[in-house]
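Here is the structure we will look at, set down as structure tokens.
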Number of protein chains: 2
Amino acid sequence: MTENLKRPNYQSMLDAILPLDVDALTEAQNHMDCLVKPLGSLGKLEDISVKIAGITGKVHNDLAKRGIVIMAADNGICEEGVSSSPKEITLLQAINMTRGICGIGVLSKWSSADLRVVDIGIDGDYDNAKIINAKVRRGTENFAKMPAMTRIQVEQAIEIGIQIVADLATEGYKLIGTGEMGIGNTSTSSAVIMALTGTPASDAVGKGGGLTAEAYEKKKRVLEEAIKLHNPNPKDPIDVLAKVGGLDIAGLVGCFIGAAYYRIPIVVDGVISIAAALAAERLRPGIKAFMIASHISKEPAYIAAEAELQLKPMLAMDMRLGEGTGCPLAFQMIDAACCIMNKMATFEEVSIEKDYRVDNRE
Amino acid sequence: MTENLKRPNYQSMLDAILPLDVDALTEAQNHMDCLVKPLGSLGKLEDISVKIAGITGKVHNDLAKRGIVIMAADNGICEEGVSSSPKEITLLQAINMTRGICGIGVLSKWSSADLRVVDIGIDGDYDNAKIINAKVRRGTENFAKMPAMTRIQVEQAIEIGIQIVADLATEGYKLIGTGEMGIGNTSTSSAVIMALTGTPASDAVGKGGGLTAEAYEKKKRVLEEAIKLHNPNPKDPIDVLAKVGGLDIAGLVGCFIGAAYYRIPIVVDGVISIAAALAAERLRPGIKAFMIASHISKEPAYIAAEAELQLKPMLAMDMRLGEGTGCPLAFQMIDAACCIMNKMATFEEVSIEKDYRVDNRE
């Protein structure tokens, strides 16, 4: 069903990603250090605005046009009872997202972000023109028994993610958020992070959407056994995604690659998103420089992935809804960061001597 | 100079503060629990929107009209060399704030918040109609040698803070932030928190605006000795403020009292603000129910005060500029919280069974 999408070759795009623009980074940091405040005192607002300069190549940025990509897919692993919700919710919520009434719908509208809901593997049919039909397959296999999908399907999903971002870039989008919908995807994400980092289930598996103690124990056992069964190669993220991943995660990997290629800042949000971010970083070390993390997730696998990526999320909202709901909130902080860079006065412009410009960095 | 401000009696206002509206709290929590998401999954966005209902008495709130009160004052303790900036910066930055080009100016404009810059004790003259002249005195005494001010002056400053909020309430403001400008006020705030909580200097004193190691040791010694000298009564916040506080802190205490009295949510921001919040809570236990904390400060005294108040700040921005710069960022999160309460669909409105409504609370 993806044939009508022209698919870029992800390998050649990985090779073509350039590092952050050092001149723009330097110029932005110098400007930031001339603003009328103690050095470093605006913390992450400073870091973010400088990073964005390195991504876009410009010191002053206006990222008002922004979108959130929702990758929606079903996961065969749900057969094992690892999720507290039935898998039919995936399609129902994908449809609700296009109606703007669920969490991500309300918050994205609030932050003036457009939603792109992508069916990259929902196991269900619908009649809704607002969902982008890029179904690679109808859900994945139950990876407790066999690999979730083939390598080719992982690569298809990655290239769909890249294409979605390519379209956003063409339409002038300047900032991208990553969201998802897929019952069972905290299990797939935990498995991917466990496989990539070697973290045991006891340190990587959370209760997801409110599991009972029994179901929680089962989830850990299912994931641990699946990894033992398939023995995915941690040095080969495509192998990991094919064996224990999901189509939504693979699609988001493509989004991260696309964002770096088209030099658009992209927001990492939640455990599914960071599983994809980690896989992307393993495919192309350094690609994390294009990522900005939204909120601190308490999901154990998130913490394991963040320990490697060191993206330093900026919001402590105790949110665990998923869907990408941290992105609209992070967009506001990113706006504030750009606003500081664009509008705050320098010491030269005001009548304050540089002795106020003490070094306040840690 | 404050004679022309009609001053409310703060004691009678403290007595007249009513608790949160239990009916509105219950109704708001019930509505929140019917929204199409796992219970509790939007974390602090849920808590904040419910709390606001308890403050205003209404489930649905629009807090678009918001202001930030900046209390500006000088501190005699600066004579001891506890600050890395000269005290002249207090007046210069207060003026810059009215020009909208410093940190709080840029960010408050970005978040559509109006600034009220209040001279509650600047030691300097100026010709600027945008600064509200409510000078209680020209800076405080050096509390290393004598009490910072009299009890009457503390009470004057508190009543000025109340009056500023009363004016905002009359003008229809629905949300208030607390900011400050006063070189040396991390010292006064640390001293107030030390005195109120019994925290020793080693656990309460931070490096403020970038002190050298030597100046840092001196700051700790100066504060410890001042508290020994004056022996402020921790059960009498007015005594603490008079002996080791500042006029900006006392003014903010008044803002917290006024906000609770007029039932307007008020944002706590940074160590100066939380010192005032703690003093207000000691004056009227339970008043913290009207407060929302913005960002996590790394200032040790902040952590000591927050340990008692348990306001649970929501932003991890590593900011340490002061001025109230966390308020505009928090305002955005508060908007998002109200937006969820006002616009998200209920399970009844969408075609999802309640089995998605699992209990996800911790």
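The analysis underlying the following values was restricted to heavy atoms, covering all of them including side chains, and did not include hydrogens, waters or symmetry mates. By convention in this document, chain letters (A, B, ...) are assigned in the order of the sequence lines, proteins followed by strands, and residues within each chain are numbered from 1.
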Heavy-atom pairs under 4.5 Å with chain A - which of Glu88(B), Gln332(B), Lys343(B) has more of them than the others? Gln332(B)
How long is the gap from NZ on Lys44(A) to CG on Leu315(B), to the nearest 0.5 Å? 10.0 Å
Side-chain heavy atoms of Asp318(A) within contact of Leu42(B), under 4.5 Å: no
Of the listed residues (Gly100(B), Gly43(B), Cys102(B), Ala316(B)), which shares the most heavy-atom pairs with chain A below a 4.5 Å separation? Ala316(B)
Taking everything shown except Lys130(A) itself, do over 12 heavy atoms lie less than 6.0 Å from its NZ? no
Check this for me: Gln310(B), atom CD, are more than 12 non-hydrogen atoms of other residues, nucleotides or ligands nearer than 6.0 Å? yes
I'd like to check Thr325(B) versus Leu45(A) (side-chain heavy atoms, cut-off strictly below 4.5 Å). Are they in contact? no
Who wins among Ala336(A), Pro328(A), Cys339(A), Gly326(A) for the most heavy-atom pairs under 4.5 Å with chain B? Ala336(A)
So CE of Met314(B) and CE of Met319(A): to nearest 0.5 Å the spacing works out to 12.0 Å
Taking side chain as C-beta onward, heavy atoms only, is Met333(B) less than 4.5 Å from Met333(A)? yes
Interface moiety of Pro313(B) toward chain A, non-hydrogen atoms closer than 4.5 Å: backbone
Rounded to the nearest 0.5 Å, what's the gap from CG on Asp335(A) to CG on Leu107(B)? Could you check? 11.0 Å
Heavy-atom contact with chain B under 4.5 Å, split by part of Ile296(A): side chain
NZ of Lys37(B) to CD1 of Ile104(A): how many Å apart, nearest 0.5 Å? 14.5 Å
Asp62(B) atom CG: more than 12 heavy-atom contacts under 6.0 Å: no
Compare all side-chain heavy atoms of Ile101(A) with those of Glu349(B) and state whether any distance is below 4.5 angstrom. no
Of the non-hydrogen atoms in Pro38(A) and Leu321(B), which two are nearest, and what is the gap between them? CD-CD1, 3.4 Å
